[in-house]
Amino acid sequence: MFTQIEAAVSRAFKQQLASKLNLNREVTLEQPKQSSFGELAIPVAFQLARELKRPPKQIAEELIAGLPKPEGVACFEIAGNGYINLRLDRGAYAWSILRGVETKPEQSLDKIIVEHTNINPNKAAHIGHLRNAVLGDTFVRMLRKRSYRVEVQNYIDNTGVQVADVVAGFHYLGHKSIDDVKALIESASPRFDYHCWDLYARISAHYKEHPESLAWRDATLHAIESGESDLVVLGHIVSDAIVSAHLKTMCRLGIKYDVLPRESEILHLKFWATALELLKQRNAIYFETQGKNKGCWVMPAAAFRTADAESERGEAEGEDSKVIVRSNGTVTYVGKDIAYQLWKFGLLGKDFYYRPGFSYPDGHQVWVTDDKPYATAPSFGAAAQVFNVIDSRQAYLQDVVVAGLRALGFTREADASVHFSYEMVMLSPRTCAELGIELSDEDKRRPYVEVSGRKGLGVKADDLIDKLIETALEEVESRHPDAPVEQRRQVATQIAAGALRYFMLKFTRNSLIAFDLHEALGFEGETGPYVQYAAVRAQNILRKFKERSGVLPDFERSLSPESLARCFDSEELWQLLLLASKADSIVDRAIGSGEPAHVAKYGFQLAQAFNNFYHHSPVLGEEDMERRNTLLWLTQYVHQQLLRTMDVLGIEQPEYM
RNA sequence: GGGGGCGUAGCUCAGUUGGAUAGAGCAUCAGCCUUCUAAGCUGAGGGUCGCAGGUUCGAUCCCUGCCGCCCCUACCA
């Protein structure tokens with residue numbers, strides 16, 4: 001509803017500009033700094049003042065003279081030295097909002113692909129991976145809430161160095177047979193993904209102490225590539241088992257995928273070979289005959305570097321170029337990524353085969369790529385826009401991928417490729433101490449410590465979730481000692497997941513998170529549980545009313561725009577209703593700015609406004625019927641909007657708290 | 001060396017594309033539970049928006065130069 005009014009006002013001003021000043025331009029709206037100024041502010045007069053060389057106030061006056069008032073708008077006012085402020089007709093606005101007159105945007109035809117998570121399948125997931133997955137999943141939820149068609153992909157690098165290292169660890173370091181590893185996967189303790197976590201740290205340390213053992217890695221990689229060895233089988237069962245563990249971990253946070261494209265199929269189905277031919281044909285890459293990259297196929301730096309920083313130093317020729325095919329003929333990760341990105345846009349002229357993978361409890365099916373026909377699957381890929389959720393360190397590689405598309409002439413697709421980047425999650429020194437992680441003297445001096453899979457340094461996702469559940473459970477048990485055990489566990493689990501998701505979302509993407517256990521375990525202030533608690537409170541009011549009176553009143557019969565206008569004369573009530581009505585508008589803006597954090601912030605603000613209301617305006621004790629019914633209706637509406645926002649954030653409302 | 005990011009309250013962070021009196025949470029201190037459960041509410045203190053210039057009616061925001069921190073700049077991913 002708020003979105004519609006924004007659009008209507010913007011349109012009205014645009015028309016006014018055209019007819020009065022003969023200007024054709026979009027009019028942006030903003031929120032007044034103070035709520036007493038009204039509901040919307042239009043600063044357009046300031047922008048025009050310079051061009052027209054006239055005082056802004058005069059322009060503002062001219063613009064609102066004879067301006068038709070869109071439905072729901074009470075008046076326009078001029079404030080300060082040129083602001084146009086708008087006030088809504090509170091009764092009319094509340095009446096249409098509360099009756100639920102909302103229009104849903106139509107489902108878009110174009111498909112958007114969001115690729116996220118993308119964890120190397122060689123060890124348990126850690127908190128850094130959680131940030132990626134939560135960001136990606138929330139962005140997907142934002143898009144879907146606004147009726148975009150979205151496909152969620154989780155790329156599995158099952159033939160890379162990291163998997164090879166763990167395979168080498170099993171084979172060379174541990175002398176484990178395929179059956180041994182299968183037994184390890186079956187055994188409950190230690191969990192296989194945790195076992196690999198330690199093994200990966202061990203083999204990495206071993207490489208460091210015995211550099212000659214790096215030959216194991218090469219041998220394993222070679223075996224995986226040629227496809228003819230027990231090591232290949234080992235690689236597959238390890239990565240399959242780990243992927244399955246990752247999916248379970250993410251599922252605890254409500255994160256699901258549609259399809260898992262695997263690197264093994266990119267290779268076996270000759271995706272890369274096809275892409276390579278294209279790149280050669282169109283001269284996007286060239287064969288280097290001299291210098292340090294001699295014998296490689298490289299992409300010239302000019303393709304992906306900003307034009308202004310052209311090589312002023314002439315000797316640097318080939319210095320910044322990116323190797324796509326190594327001199328030994330193997331392809332780099334970027335090369336495979338170009339092929340994958342081409343497929344995402346349907347530009348490769350090839351497709352994977354698919355088989356059903358993991359099934360979620362709700363029946364949702366994940367499909368996994370395969371190299372031979374298996375079953376009829378939904379169609380994947382061929383999107384109009386692609387978001388790759390990848391940490392900011394890989395910005396350069398992402399630039400190379402996009403440059404690849406552009407060099408092939410796919411400029412539209414290059415422009416539609418978005419690197420949805422985010423900063424790393426580090427550990428606070430205090431948290432390292434709490435977890436018993438020993439730090440080097442160098443690390444001790446830093447404000448935060450980098451998570452490192454190679455060093456086995458980090459907080460495992462499942463450990464963190466377990467710890468959160470434990471903390472929440474203590475609180476739930478002290479508050480609801482009589483509730484059934486299973487239910488208490490369920491509530492604690494929802495609170496834990498809510499706390500974790502909110503924590504990962506409250507920071508904007510390019511802000512580095514120094515993960516602090518104490519902070520993450522807090523359930524007070526700007527946290528997920530705070531938002532959940534507000535929703536629970538709203539639900540309690542509604543439930544209690546129904547317990548006493550059987551059903552909710554027939555609001556539309558007992559109230560009217562006029563009675564609502566009287567009640568919403570109160571500034572606090574009006575601001576609550578107004579804020580609650582902005583849920584969709586906020587999501588639209590957050591999609592535009594690509595910041596899930598904005599939705600999280602809004603959820604908190606709405607919860608905060610409701611908590612204020614909760615304390616200042618007792619609903620059930622209200623004696624005046626008209627007012628009581630209005631408060632009740634408002635409560636129902638805010639509850640609905642809170643749930644709507646929490647759904648976008650992937651946060652559930654517990655039954656009680 | 002080159003490219004990118006960051007610097008806002010004691011701490012962690014917002015700040016809607018240049019606008020009205022710079023905001024939250026945590027922490028600290030002082031209040032509020034016989035009520036729709038206090039995981040809450042009310043109030044207080046706390047700021048040279050890194051520094052210095054510039055652009056203009058107006059700058060935390062744009063430009064330039066410094067200072068400090070981080071990341072990238074692999075035939076690793």
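Fair warning: this is a prediction, and the values are worked out from it, not measured in the lab. Side-chain atoms are counted along with the backbone in the values below, which use heavy atoms only and exclude waters and symmetry mates. Convention: sequence-line order gives letters A, B, ...; per-chain numbering from 1.
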Worksheet item: Of A:Val44, A:Thr28, A:Leu40, A:Val27, which meets side-chain contact (heavy atoms from CB on, under 4.5 Å) against A:Ser10?
Response: A:Val27
Item to complete: Output the residues of residues 520-527 of chain A in contact with RNA chain B, where contact means a heavy atom of the residue under 4.0 Å from an atom of the strand; sort by number or write none.
Response: A:Phe523, A:Glu524, A:Gly525, A:Glu526
Fill in: Under 4.0 angstrom between A:Asn120 side-chain N/O and B:A77 OP1 or OP2
no
Practice prompt. Determine whether the side chains of A:Gln653 and A:Gln539 contain a donor N or O and an acceptor N or O closer than 3.5 Å.
Written response: yes
Worksheet item: Picking from B:C41, B:U17, B:C70, which would you name as closest to the side chain of A:Tyr448?
Response: B:C70
Discussion item. Hydrogens and angles aside, do A:Glu6 and A:Ser585 bring a side-chain donor and acceptor to less than 3.5 Å of each other?
Written reply: yes
Discussion item. Using the C1' atom as the point on both nucleotides, what is the distance between B:G43 and B:U48, in whole Å?
Written reply: 28 Å
Worksheet item: What interatomic distance, in whole Å, is found between P of B:G10 and the corresponding atom of B:G5?
Response: 28 Å
Item to complete: Respond yes when some side-chain nitrogen or oxygen of A:His598 is under 4.0 Å from OP1 or OP2 of B:G15, and no when none is.
Response: yes
Worksheet item: Can the ring centres of A:Phe507 and A:Tyr422 be said to be less than 6.0 Å apart?
Response: no
Worksheet item: With sugar-phosphate meaning primed atoms plus P, OP1 and OP2, does A:Ser392 contact a base, only sugar-phosphate, or nothing at under 4.0 Å between heavy atoms?
Response: nothing
Worksheet, complete the sentence: Paired to B:C41 by Watson-Crick or G-U wobble criteria (both distances under 3.5 Å) is B:G31
Item to complete: Would you mind telling me which of B:A20, B:A77, B:A38 lies closest to the side-chain atoms of A:Thr332?
Response: B:A77
Discussion item. Heavy atoms only, 4.0 Å cut-off, all strands: where does A:Lys294 land among base, sugar-phosphate and nothing?
Written reply: base
Practice prompt. Could you tell me whether A:Arg509 contacts a base, only the sugar-phosphate backbone, or nothing, with contacts defined as non-hydrogen atoms closer than 4.0 Å?
Written response: nothing
Worksheet item: Do the ring centers of A:Phe13 and A:Phe76 come within less than 6.0 Å of each other?
Response: yes
Worksheet item: Is there a donor-acceptor pair closer than 3.5 Å between any side-chain N or O of A:Ser428 and the backbone N or O of A:Ala514?
Response: no
Discussion item. Considering every strand and a 4.0 Å limit on heavy-atom distances, what is the contact class for A:Phe604: base, sugar-phosphate, or nothing?
Written reply: sugar-phosphate
Worksheet entry | Donor-acceptor pair (no angle test) under 3.5 Å: A:His480 side chain, B:U37 base | yes
Worksheet item: Just checking A:Asn612: base, sugar-phosphate only, or nothing, at a heavy-atom cut-off of under 4.0 Å?
Response: sugar-phosphate
Worksheet item: Closer than 4.0 Å, any side-chain N/O of A:Arg393 to the OP1 or OP2 of B:A77?
Response: no
Item to complete: State which of B:A74, B:U37, B:U12 makes the closest approach to the side chain of A:Tyr533.
Response: B:U37
Response to the item:
From the candidates B:U37, B:C41, B:A77, the one with an atom nearest any side-chain atom of A:Tyr656 is B:U37
Worksheet entry | Base-pairing assignment for B:G1 (Watson-Crick or G-U wobble, both under 3.5 Å) | B:U73
Discussion item. Over all strands shown, is A:Gln605 touching base, sugar-phosphate only, or nothing at heavy-atom distances under 4.0 angstrom?
Written reply: nothing
Discussion item. Considering every strand and a 4.0 Å limit on heavy-atom distances, what is the contact class for A:Pro43: base, sugar-phosphate, or nothing?
Written reply: nothing
Worksheet item: How would you label the contact of A:Arg543 with the nucleic acid (heavy atoms, under 4.0 Å): base, sugar-phosphate, or nothing?
Response: nothing
Discussion item. Under 4.0 Å, counting only non-hydrogen atoms across every strand here, what does A:Val476 touch: a base, just sugar-phosphate, or nothing?
Written reply: base
Worksheet item: Between A:Ser392 and A:Arg509, is any side-chain donor less than 3.5 angstrom from a side-chain acceptor?
Response: no
Discussion item. If you assign A:Arg548 and A:Ser327 each to the RNA chain B nucleotide with the nearest heavy atom, which residue ends up on the more 5' nucleotide?
Written reply: A:Arg548
Worksheet item: In terms of side-chain heavy atoms of A:Leu397, which of B:C6, B:A77, B:U12 is nearest?
Response: B:A77
Practice prompt. Answer with base, sugar-phosphate or nothing: what part of the nucleic acid does A:Gln608 contact at a heavy-atom distance below 4.0 Å?
Written response: sugar-phosphate
Discussion item. Only pairs with both distances under 3.5 Å count, Watson-Crick or wobble alike; so what is the partner of B:C13 in this structure?
Written reply: B:G23
Worksheet item: For B:C66, what is the paired nucleotide under Watson-Crick or G-U wobble rules, both distances under 3.5 Å?
Response: B:G50
Worksheet item: Using a cut-off of 4.0 Å on non-hydrogen atoms, how would the nucleic acid contact of A:Asn540 be classed: base, sugar-phosphate, or nothing?
Response: base
Worksheet entry | Nucleotide nearest A:Val323 (side chain, heavy atoms from C-beta), chosen from B:C36, B:C75, B:U12 | B:C75
Worksheet item: Which part of the nucleic acid, if any, lies within reach of A:Phe46 when heavy atoms closer than 4.0 Å are counted: base, sugar-phosphate only, or nothing?
Response: base
Worksheet item: Hey, would you say the A:Tyr533 and A:Tyr530 ring centroids sit under 6.0 Å apart?
Response: no
Worksheet item: Which base, if any, makes a Watson-Crick or G-U wobble pair with B:C61, both distances under 3.5 Å?
Response: none
Worksheet item: Under 4.0 Å: is that the gap between some side-chain N or O of A:Lys544 and OP1 or OP2 of B:C36?
Response: no
Item to complete: Report yes if at least one side-chain N or O of A:Tyr396 is closer than 4.0 Å to OP1 or OP2 of B:A74; otherwise report no.
Response: no
Discussion item. Over all strands shown, is A:Ser617 touching base, sugar-phosphate only, or nothing at heavy-atom distances under 4.0 angstrom?
Written reply: base
Item to complete: Ignoring the backbone of A:Ile495, work out which of B:C75, B:A39, B:C13 is nearest its side chain.
Response: B:A39
Discussion item. Rounding to an integer number of angstrom, what distance separates B:C13 and B:C6 when you compare their C1' atoms?
Written reply: 13 Å
Worksheet item: Base, sugar-phosphate alone, or nothing: which one does A:Val161 contact when heavy atoms must sit under 4.0 Å apart?
Response: sugar-phosphate
Worksheet item: Distance check: side-chain N/O of A:Tyr333 vs OP1/OP2 of B:A77, anything under 4.0 Å?
Response: no
Item to complete: Could you tell me whether A:Glu423 and A:Arg131 make a salt bridge, using a distance below 4.0 angstrom between a side-chain N and a carboxylate O?
Response: no
Practice prompt. Answer with yes or no whether A:Asn611 presents, from its side chain, a donor or acceptor under 3.5 Å of a partner atom in the base of B:A39.
Written response: no
